[in-house]
4 protein chains.
Amino acid sequence: MFDLDLRSRDPIYQQLVDKFKTLIINNVLETDEKLPSVRTLAQQLTINPNTIQKAYRELEAQGYIYSVKGKGSFVAPIVDVEKKVSLKEIESDLKKILQEAMFLGLTKQEILAMIDEIEQQLGRGNDS
Amino acid sequence: MFDLDLRSRDPIYQQLVDKFKTLIINNVLETDEKLPSVRTLAQQLTINPNTIQKAYRELEAQGYIYSVKGKGSFVAPIVDVEKKVSLKEIESDLKKILQEAMFLGLTKQEILAMIDEIEQQLGRGNDS
Amino acid sequence: MFDLDLRSRDPIYQQLVDKFKTLIINNVLETDEKLPSVRTLAQQLTINPNTIQKAYRELEAQGYIYSVKGKGSFVAPIVDVEKKVSLKEIESDLKKILQEAMFLGLTKQEILAMIDEIEQQLGRGNDS
Amino acid sequence: MFDLDLRSRDPIYQQLVDKFKTLIINNVLETDEKLPSVRTLAQQLTINPNTIQKAYRELEAQGYIYSVKGKGSFVAPIVDVEKKVSLKEIESDLKKILQEAMFLGLTKQEILAMIDEIEQQLGRGNDS
DNA sequence: GTGGTCTAGACCACG
DNA sequence: GTGGTCTAGACCACA
């Protein structure tokens, strides 16, 4: 389900952050939906609870989730993310990788296909 | 020339790698052109030679440059890069960041503008 | 009426404490007025009675209310609060946050406006 | 120097964050000045290095400092803070505490004195 | 049972 | 030597 790569260059908690971001962005996890508890997920993935918490904390800092003591962690509404994250930084990263991908032969068509696919996934946001 | 950001989160050697990639991609550095020697560059930028070396090692691993013992490092032909770097990984990274950017409101038009700009830079060879 | 924010970072009992303080400070609840019973309020807000009780305990510790066994909880006279709460601590907190706000650009004028507004609310007793 | 209260309700790392914020705001620590290393400070205060790091990480998230692997942690320029922190949230907190302080007898004069004092400390920012 | 804090101690990445 | 990650295991605050 989460297919973590323990040998990867980027830390486990970062991989978790990315996974959850994707799930939230693609509306697999909906606003106010509960995330697995720190301990539960730690057991499932057989990694240390502290590592999970670090991931959750980072997600909270970026506005993707909110955590309430004694209750759990939950998906935050999109506006919270928009408040916390700067689109400019992301644009800059995007440009860099786009440049490299196109240099290595990725065509405009392929990118457009990718964009359309993403647009569809985002568009079906049920109620928003 | 290299305008390194010593405050940046990503390590200096990584910034060097990115800079050189950009220069090579935009054909500012041409195939078989010689890169500055480790020592020279270290002096110019007043940073540790080990750091330069690490950057060169990384560039070589990705196929962007090749080193000749006793002579120096040189820009490799594109085909070498294509052999080493898996486009799939980059595509995956691209998709991830594209998702996040669009989730946060970046429009298709803005992305297209970005693509066209890059296409021009790549297409026209060297002129700077 | 109480518009609790279940998503908020600070615990529910703390939000309750703050709400009651505001009501008492602005004289919406008058001295010796009876507060809703723990059970009643718990039902109304559909939250755990323990949470309400914790809030009442905290309010009592700070001198804002007093409890009479078998009868309920009541708003205490101001002097009781002044006895319990050390103004020095609050001054210290105030200074800290004032520093940060002004550091980030909040102007003296804006603060003065805030003060005047509060002064009016405090001065006019009850009217709501 | 740091007079931590290990018994306090708010966690050690939070107290550290507050202390450093104050030092930075009052320009005791200047832009690009180096903070004590995680290990050094941990030894001095006889607390766990992880706790220090948590504090530094939080300060970095709020834009007050930046950390570079292998080099250390440094005070960031003010603009970085302004980018990360929302003044609105702080204003809301300020209003709440201001209300309580004035209810408990803090006079407008006393607050004005406080403001002037802070203004002076901020004003002497050497070069900015 | 839930998130949050803290410690002790190990190991990695960077310069 | 510097920051960063991770583990194991303890204890606290909240609902």
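Treat the numbers as computed from the prediction; the structure is a model and nothing was measured. Labels below follow one simple rule: chain letters A, B, ... track the order of the sequence lines, proteins then strands, and each chain is numbered from 1.
Legend: ring-ring contact (aromatic ring centres under 6.0 Å, His included) pairs involving residues 25-44 of chain D, not counting sequence neighbours: none detected. Applying the side chain to side chain donor-acceptor pair (under 3.5 Å) test to every pair with at least one member in residues 79-94 of chain D, sequence neighbours left out, gives no pairs at all. Applying the ring-ring contact (aromatic ring centres under 6.0 Å, His included) test to residues at least two apart or on different chains, none of the pairs has a partner in residues 21-47 of chain A. Among residue pairs with one or both ends in residues 33-45 of chain D, those qualifying as side chain to side chain donor-acceptor pair (under 3.5 Å) are Ser37(D)-Thr40(D); sequence neighbours excluded. Listed by first and then second residue, the ring-ring contact (aromatic ring centres under 6.0 Å, His included) pairs involving residues 31-53 of chain A amount to none (not counting sequence neighbours).
Across residues 37-48 of chain C, not one residue has a non-hydrogen atom less than 4.0 Å from an atom of DNA chain E.
Contact footprint of chain D on DNA chain E: nucleotides with an atom under 4.0 Å from a non-hydrogen protein atom, first to last in 5' to 3' order, dT5(E) to dG15(E).
Across the interface with DNA chain F, nearest-nucleotide mapping of Pro49(A) and Gln14(C) shows Pro49(A) to be the residue nearer the 5′ end. Residues Arg9(C) and Asn50(B) each lie close to DNA chain E; by heavy-atom proximity, the contact nearer the 5' end of the strand is made by Arg9(C). Nearer to the 5' terminus of DNA chain E, by closest-nucleotide assignment, is the contact made by Pro11(D) (compared with the other of Gly70(D) and Pro11(D)).
Tyr13(C) carries Lys54(C) over the face of its six-membered ring, with the cationic atom under 6.0 Å from the centre and within 45° of the normal.
Applying the ring pair (Phe, Tyr, Trp, His ring centres under 6.0 Å) criterion to Tyr56(C), with sequence neighbours excluded, gives Phe20(C). Judged as a salt bridge (Lys or Arg N to Asp or Glu O under 4.0 Å), and not counting sequence neighbours, Asp10(A) has no contacts. The salt bridge (Lys or Arg N to Asp or Glu O under 4.0 Å) search around Asp5(B) returns none, not counting sequence neighbours.
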All N/O donor-acceptor pairs, side-chain side in residues 62-71 of chain B, below 3.5 Å, sequence neighbours left out:
unit_1: Gln62(B); atom_1: OE1; unit_2: Lys21(B); atom_2: NZ; d: 2.8
unit_1: Gln62(B); atom_1: NE2; unit_2: Glu58(B); atom_2: OE2; d: 2.8
unit_1: Tyr64(B); atom_1: OH; unit_2: Glu100(A); atom_2: OE2; d: 3.1
unit_1: Tyr66(B); atom_1: OH; unit_2: Asp32(B); atom_2: OD1; d: 2.6
unit_1: Ser67(B); atom_1: OG; unit_2: Glu60(B); atom_2: OE1; d: 3.4
unit_1: Ser67(B); atom_1: OG; unit_2: Ser73(B); atom_2: OG; d: 3.2

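Helical stems involving DNA chain E, defined as 3 or more consecutive Watson-Crick or G-U pairs under 3.5 Å, span E:1-14 with F:1-14.
When the side-chain nitrogen and oxygen atoms of Tyr13(C) are compared with OP1 and OP2 of dC14(F), one or more of them lie within a distance under 4.0 Å.
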